[in-house]
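In what follows, a single structure is set out as structure tokens and then discussed.
Both ligands and their constituent atoms are indexed starting at 1 by order of listing. Sequence positions, counted from 1, serve as the residue numbers for this chain.
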Amino acid sequence: MSFTFGGENAAQTLIVPICSDDIEEMGATRLPSWLQAYSLLPHMGERGALTWLHGRIGERDALLVGCGEASRLDTERIREAAGNAGRAIHKHKKERVDINLGELLKRCEHSLVISEAEAVTAWVEGWKLGTYAFEVYRTKQTKHSEVSLQFLTEAKFEVLNEAVRWGCLYAEGAILARNLANEPPNMLRPKTLIEKTIEHFALSKVEAVVYEGESLEQQGMVGLIAVGKGSKYPPALLELRYCTNETLPLTALIGKGITFDTGGISLKKDFDISDMRMDMAGAAAVIGALDILAAGDVKANVVVLIAAAENMPDGEALLPGELLQYPNGVSVQVGNTDSEGRLVLADALIHAQRLGAVEAVDIATLTYSCGAALGSKYAGIWGEDTIVAEIVQAGKQVSEKVWQLPLVDEYEAYLHSDYADICNISRVGEAGATTAALFLRKFVQPSLRWAHIDMASLKDVSSAQGWHSAGATGYGARLLAQFVRNRTLRESSN
Ligand code: BES
Ligand code: ZN
Ligand code: ZN
């Protein structure tokens with residue numbers, strides 16, 4: 001795939017993004033005059049619509065890509081259209097395509113709201129993510145022709161080149177997260193997750209430390225040790241440091257890295273739990289975010305922590321009723337071994353504060369009930385209001401949405417234990433995602449700017465649509481990279 005710029009409309013195929021109000025019932029259209037020779041219908045401009053206009057011999061083809069109502073055009077709709085267009089171009093084996101995004105913005109009177117550069121970034125991201133497929137283990141991989149896409153534009157080369165660069169960086173970070181989360185569970189154990197990650201960052205400015213075996217014990221990482229003890233593949237904590245500006249406050253990005261969650265002795269009873277191989281999607285998200293920051297050479301001071309374990313039932317496994325004594329003084333009754341995510345995140349939160357983090361964001365596939373509350377388009381977020389607001393803002397920018405839910409003090413009583421400070425499972429059948437957040441808050445000092453993201457229902461999708469491909473979404477990588485990057489962007493604009 002290559003992206004270029006030019007003024008000359010020369011390719012065999014022209015992609016024309018259109019809006020639903022570009023074509024009226026009677027066929028009247030605001031579209032360029034050459035398109036008026038075709039009989040166009042309003043539905044061709046609807047979100048998700050794709051229409052091929054095949055040229056006669058010697059003429060070029062056009063692919064109309066629906067973007068919905070002109071007044072609601074935003075970077076998300078451009079990203080979505082790009083994913084849909086990318087798959088159609090691959091399917092029809094086209095090699096050279098042109099697109100004019102500046103013309104779309106002008107036609108929608110959006111050229112002042114969305115810059116051409118922003119539209120180009122969104123298009124590149126959507127295209128790369130929408131045409132992604134996880135085919136590592138297929139004997140016969142789908143053969144796609146090498147597509148060369150030219151943006152028809154009069155804008156400055158440097159500006160658009162930078163826009164393409166960021167689009168590629170964001171897409172590649174999310175693709176790294178998707179690749180990790182899509183791995184089958186026998187191909188990605190805690191150690192392999194860590195090795196693959198370290199190998200990925202080998203040539204970058206990222207420095208890695210691994211805590212396993214004795215060093216895990218020395219650090220008092222009782223959650224990881226407990227959750228991992230039923231598996232023959234031992235648990236570990238991976239610390240990745242990326243610091244290009246020491247004067248910045250240290251930000252910790254923490255990911256739940258359960259490479260498979262059977263539930264442990266509190267075994268899951270669902271018919272098919274194979275998607276629990278993606279219970280490390282939070283870890284994948286923070287690894288993807290770090291990839292974007294490091295590859296983009298963003299000025300930042302970040303530590304990424306991956307709490308990796310496999311949750312298995314076994315003669316050695318963690319038993320319901322066991323007591324864990326965390327080094328911050330909190331004792332925990334393990335009421336349910338399937339509530340393992342919060343146990344390992346607690347270790348990472350304590351470790352982040354030990355390292356001097358001023359702010360910390362944890363991201364995890366933590367509870368079914370978060371999906372029941374918000375569905376599959378929004379992740380839940382809890383925490384200190386100012387950091388939550390910054391993440392919500394980043395989510396809007398990259399269209400990885402988060403919705404703030406309250407930390408209701410009264411619900412803390414639901415975590416009551418008869419013999420420990422708290423239990424890892426609520427005794428009341430409501431607000432399950434919030435009680436998980438309240439559990440985590442027990443490991444957060446008041447001075448830490450902390451946010452917790454529950455992305456359980458966003459980890460994967462069943463079919464390709466817009467910039468999503470079937471399988472892992474890579475959710476969180478672009479969101480957290482944007483969150484960290486916004487500080488640099490804010491400071492450089494001051
Ligand atoms: N990994 C699961 C949560 C999950 C659900 C992730 C759906 C992805 C998709 C988590 O460890 C879990 O089992 N949570 C339990 C907690 C309960 C036992 C308190 C849940 O949400 O039911
Ligand atoms: Zn679980
Ligand atoms: Zn889990």
Counting each atom of ligand 1 from 1 as listed, which ones have a heavy atom of Glu340 under 4.0 Å away? 11 (O)
Between Asn179 and Glu183, do the side chains contain a donor N or O and an acceptor N or O under 3.5 Å apart? no
What atoms of ligand 1 come within less than 4.0 Å of a heavy atom belonging to Lys256? 1 (N), 10 (C), 11 (O)
Return the CD to CZ distance between Glu412 and Arg441, rounded to the nearest 0.5 Å. 5.0 Å
Please state which protein non-hydrogen atom is closest to atom 17 (C) of ligand 1 and give its distance, to 0.1 Å? Ser339 OG, 3.9 Å
State whether the shortest distance between N or O atoms of Lys459 and N or O atoms of ligand 1 falls below 3.5 angstrom. no
Minimum-distance protein heavy atom relative to atom 21 (O) of ligand 1: Tyr368 N, 2.8 Å
Flag the pair Glu69 and Arg77 as a salt bridge only when some basic side-chain nitrogen lies within less than 4.0 angstrom of an acidic carboxylate oxygen. yes
My understanding is that we take every heavy atom of each candidate and find the minimum distance to atom 18 (C) of ligand 1. Doing that for Asp279, Asp261, Asn336, which one comes out nearest? Asn336
To make sure I understand the geometry: which N, O or S atom in Asp279 is closest to the Zn ion (ligand 3)? OD2
Could you tell me which N, O or S atom of Asp261 is nearest to the Zn ion (ligand 2)? OD2
Minimum distance, heavy atoms only, to atom 10 (C) of ligand 1: which one of Leu366, Ile425, Asp460 is it? Leu366
Give the ring-plane orientation class for Trp123 versus Trp127, where under 30° counts as parallel, over 60° as perpendicular and anything between as tilted. tilted
For the side chain of Asn84 and the backbone of Gly466, is there at least one donor-acceptor N/O pair under 3.5 Å apart? yes
Quick check on Glu207: does its CD atom have over 12 non-hydrogen neighbours (other residues, nucleotides or ligands) under 6.0 Å away? no
Do any N or O atoms from the side chain of Ser469 and from the backbone of Tyr132 form a donor-acceptor pair under 3.5 angstrom? yes
How large, to 10°, is the angle at the Zn ion (ligand 3) when you draw lines to OE2 on Glu340 and to NZ on Lys256? 90°
State the atoms of ligand 1, each with its element, that fall below the 4.0 Å cut-off from a heavy-atom position in Met276. 1 (N), 4 (C), 5 (C), 6 (C), 7 (C), 8 (C), 9 (C)
Tell me whether ligand 1 is touched by Met278 - counting only heavy atoms on the residue side and a distance under 4.0 Å. no
Distance-only side-chain donor-acceptor flag, Arg87 / His90, under 3.5 Å: no
To the nearest 0.1 Å, how far is atom 12 (C) of ligand 1 from its closest protein heavy atom, and which atom is that? Asp338 O, 3.2 Å
Is it the case that Glu125 and Trp166 place a side-chain donor and acceptor less than 3.5 Å from each other? no
